[in-house]
Amino acid sequence: MRWSQAFISTLREAPGDAEAISHKLLARAGMIQRLAAGIYSYTPLGFRSLKKMIEIVREEMDRSGAQEVDLPILQPMEIWQETKRWERYINDGILFHLDDRKSGSFALAPTAEEAVTDMVRKSVTSWRQLPFNLYQIKTKFRDEIRPRFGLLRGREFLMKDAYSFDVDDKGLDVHYKKMEKAYRRIFERCGLEYVLVQADSGAIGGSASEEFMVVADTGEDALVFSESGDYGANIEKAVTGELPEPWAGEEARPFGRANAPTPGLITCEDQARHFGTTTSRIVKTMLYEAVRHDNTSFVAAVLIRGDLDINEVKLPKALGILHALLLPEHRLDAIAHTPPGFVGPIGLTPPAGQDDVPVYVDRSLANAVNVYCGANEEGTHHSNVSIARDVKIAGIVEVATAREGDPSPTGNGKLLIKRGIEVGHIFKLGTKYSEAMRCEVADQSQKLVPLVMGCYGLGIGRTVASAVEQNHDSEGIIWPVPLAPYTCVVAALQRDADVLAKAGAIYEELREKGVEVIFDDREERPGVKFKDIDLIGFPLRVIVGSKALAKGAVEISTRFERKAESVPVAKAVETVLRTIAGGGRRLVLEPGESAGG
RNA sequence: CGGGGCGUAGCGCAGGUGGUAGCGCGGUUGCUUUGGGAGCAACAGGUCCCCGGUUCGAAUCCGGGCGCCCCGACCA
């Protein structure tokens with residue numbers, strides 16, 4: 001491609017709404033353009049990188065034995081109602097949906113479990129037709145509450161989604177492992193540093209799930225790792241080892257009434273200071289509106305140590321409910337007879353229609369003795385509370401949020417917290433969708449069984465953006481070779497006939513040798529060319545300028561190293577080829593070839 | 001959903017006591033320049049987010065709406 005003919009426009013300044021580095025740089029490089037909040041166009045240059053990513057994913061999915069399909073993204077409400085996801089997603093406000101002329105409703109789908117399950121149930125009747133894994137690379141829609149960070153959280157986005165179908169869990173395990181392997185190959189090919197962590201399966205449902213995360217400060221997820229590297233989990237899922245218990249070995253003292261704190265002492269920190277103890281001895285009592293799967297609800301109390309926080313992603317699962325909403329303050333008075341700060345597990349008044357308020361206790365408090373808790377009276381606390389003795393416990397649950405420095409659940413060292421971008425997510429769905437949609441086959445004993453499914457997502461645009469997050473400097477993007485829009489740029493620094501001819505010849509030869517190369521033949525000053533080339537971040541750069549050319553040389557450098565070497569004109573092409581063969585990050589010169597920078 | 005901010009040329013922004021709009025970058029043309037976003041000159045480019053109101057007159061004041069960005073989303 002000749003730059004002078006190409007649709008490329010770079011920006012000296014990033015659009016004002018760009019926040020993340022990848023967003024700023026991709027926009028400045030003219031690779032993406034915002035059309036609306038969370039909705040981006042790819043320019044020819046940006047689309048080239050996107051296509052690179054698509055091809056890598058397609059190759060690795062095909063290699064794994066998966067088969068590509070194309071499912072409608074405009075999907076009828078009816079199949080979403082079969083799995084109860086219509087109401088759920090509408091309630092969460094994240095489903096784009098619309099009506100057609102005849103009043104039918106449709107979704108612009110964020111995932112395709114229903115569509116693929118429908119396809120399979122219509123055509124598969126026997127276990128002999130299994131197993132298989134179907135995937136597609138297609139634009140998806142999610143009406144994000146808050147789209148941000150450019151390609152990282154958009155409302156329209158390109159995602160690869162795959163769905164495996166097996167007769168039993170053993171088959172699912174095989175597919176799951178295959179996908180993990182395929183994903184590892186994909187991210188390794190992109191040159192990305194990533195980690196695999198345990199994850200919550202969220203709204204998709206299912207049992208096990210793991211996320212592929214690119215570690216980056218702009219990441220929206222908090223990740224928990226053990227120092228020793230033998231544990232990694234999304235904070236939504238992370239558990240900790242046994243925490244030291246400050247009451248270990250103590251005798252339980254008689255239950256009492258604490259000297260009253262002033263009503264202003266609302267936080268656990270204030271109270272601990274007032275009582276002359278640590279926050280770990282203050283019991284935090286949180287009241288939740290617990291919504292059951294049948295949409296009925298009740299009020300429940302959850303007790304946790306004052307130095308810990310409740311993880312509201314873990315909570316519903318621990319309580320066996322659909323979701324838990326913290327009770328709004330105005331409802332506290334009727335149940336706990338006090339504003340926040342003095343709520344406790346003893347003497348709660350259940351709301352109408354409920355016999356009692358069940359009290360769930362986090363594991364961290366299961367053995368607690370001689371602790372303080374709110375007395376359900378403003379300004380008052382109980383002291384020397386022994387949880388097992390004094391509280392009617394509905395269940396011991398594990399709902400604490402992991403903290404940096406907590407012991408690792410594996411017993412090896414402490415936990416660290418980093419941020420990450422979720423680029424891939426693999427789930428064991430089980431039979432959630434196949435049962436709801438009656439996607440069944442006859443097994444070997446002629447019994448009708450629902451298919452066991454897995455689902456595997458991979459954000460294409462997001463992975464490209466992650467690559468930029470991970471590979472850039474003050475001048476611009478440093479594309480990993482596999483994702484670069486062009487591998488190499490040949491720039492003619494001057495409009496001099498000899499310069500243009502030599503540069504043109506090198507460009508033509510590289511092209512013939514199969515290198516993806518762009519020829520900067522623009523009528524621009526050298527400075528402009530250098531800036532654009534660095535900003536877009538082509539891995540290799542061949543500079544043809546009148547100065548070096550007078551000595552029969554051109555200058556070659558990689559975007560990663562940025563140190564240019566003079567190379568004889570006749571050796572330029574082979575130097576480029578050798579450097580690409582060597583990975584493209586570092587210049588590979590022949591011994592004795594360098595004439596110095 | 002709560003709080004804050006913004007909306008003026010392709011991009012980044014200024015203006016705002018009411019009088020019909022400006023700067024930088026970018027663009028076009030010419031001359032000069034030519035190894036890290038050149039200089040001079042001329043030119044082009046605007047629904048000042050939209051609708052309504054006040055006024056002789058609104059980018060500016062008032063009301064309503066829309067769009068966008070940021071922060072927070074309750075830890076008792």
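In what follows, chains are A, B, ... by sequence order, proteins preceding strands, each numbered from 1.
For A:E19, the salt bridge (Lys or Arg N to Asp or Glu O under 4.0 Å) criterion is met by no residue, not counting sequence neighbours.
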Could you summarise the pairing of RNA chain B as dot-bracket text, marking Watson-Crick and G-U pairs under 3.5 Å with ( ) or [ ] inside the strand and | across strands?
-> (((((((..((((.....[..)))).((((((.....)))))).....(((((..]....))))))))))))....
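B:rC75 atom P lies 13 Å from atom CG of A:D270, rounded to whole Å. Atoms CD (A:Q33) and C1' (B:rG10) sit 10 Å apart, rounded to a whole Å. Atom CG of A:L332 is separated from atom P of B:rC75 by 11 Å (rounded to the nearest Å). Here the C1' atom of nucleotide B:rC11 and the NE2 atom of A:H23 are 13 Å apart, to the nearest Å. A:M286 has its CE atom 8 Å from the C1' atom of B:rC74, to the nearest Å. Summarising the geometry, the separation between NZ on A:K314 and C1' on B:rC75 is reported as 15 Å, rounded to the nearest angstrom.
Contact annotation for A:I304: no contact, since no heavy-atom pair falls under 4.0 Å across all strands. Backbone-only contact: A:I266 has heavy atoms under 4.0 Å from sugar-phosphate atoms and none from a base. No contact: A:P328 has no heavy atom under 4.0 Å from any strand.
A salt bridge links A:E475 with A:K531: the closest approach of a Lys/Arg side-chain nitrogen to an acidic carboxylate oxygen falls below 4.0 angstrom. We find that A:D217 and A:R419 are not joined by a salt bridge, their nearest charged nitrogen and carboxylate oxygen being 4.0 Å or further apart.
Defined by atom type and a distance below 3.5 Å, a donor-acceptor pair is present between the side-chain atoms of A:E245 and A:N367. Side-chain contact check for A:S41 and A:Q33: no donor-acceptor pair (N or O, by modelled atom type) lies under 3.5 Å. At a cut-off of 3.5 Å, with distance as the only test, no side-chain donor of A:D307 or A:S280 sits close to an acceptor on the other residue. Between the side chains of A:T338 and A:E377, no donor-acceptor pair is found at a separation under 3.5 Å.
Spacing between B:rC43 and B:rC23 at atom P, rounded to whole Å, works out to 12 Å. A gap of 23 Å separates the C1' atoms of B:rC74 and B:rG5, to the nearest Å. Straight-line distance between the P atoms of B:rG10 and B:rG46: roughly 8 Å, to the nearest whole Å. The P atoms of B:rG64 and B:rG4 are separated by 15 Å, rounded to the nearest whole Å. Taking atom P in both B:rA9 and B:rC48, the straight-line distance is 10 Å, to the nearest Å. Only the P atoms considered, B:rG26 is 15 Å distant from B:rC11, to the nearest whole Å. The separation of B:rC25 from B:rG18, taken at their P atoms, amounts to 32 Å, rounded to a whole angstrom. Taking atom P in both B:rU60 and B:rU17, the straight-line distance is 11 Å, to the nearest Å.
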Let me see the working for A:Y288 and A:H323 under ring-ring contact (aromatic ring centres under 6.0 Å, His included), right down to the final yes or no.
-> CA-CA 10 Å; A:Y288 285 92; A:H323 55 258; over 10 Å; no
Could you walk me through whether A:H381 and A:F275 pass the ring-ring contact (aromatic ring centres under 6.0 Å, His included) test, one step at a time?
-> CA-CA 10 Å; A:H381 274 68; A:F275 295 130; 5.4 Å; yes
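At least one cation-pi condition fails for A:R142 and A:F96: the charged atom is not both under 6.0 angstrom from the six-membered ring centre and inside a 45 degree cone around its axis. Note that A:R85 lies in the cation-pi zone of A:Y89, set by a 6.0 Å cut-off to the ring centre and a 45° limit from the axis.
Residue pairs meeting the salt bridge (Lys or Arg N to Asp or Glu O under 4.0 Å) criterion with at least one member in residues 336-349 of chain A, sequence neighbours excluded, do not occur.
Relative ring orientation between A:H382 and A:F255 is described as tilted, the plane-to-plane angle lying within the 30° to 60° band.
Under the 6.0 Å cut-off for aromatic ring centres, A:H274 and A:Y372 do not qualify, their centroids lying 6.0 Å or more apart. Aromatic rings of A:F342 and A:H337 (six-membered ring for Trp) have centroids beyond the 6.0 Å cut-off, not under it.
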Could you list, one pair per line, each protein nitrogen or oxygen that sits under 3.5 Å from a nitrogen or oxygen of nucleotides 67-70 of chain B, together with the distance?
none

Do nucleotides 29-45 of chain B as a string where each nucleotide becomes B, S or -: B if the base has a protein heavy atom under 4.0 Å, S if just the sugar-phosphate does, - if no protein is that close.
-> ----BSBBBB-------
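For the segment residues 274-282 of chain A, the set of residues with a heavy atom within less than 4.0 Å of an atom of RNA chain B is empty.
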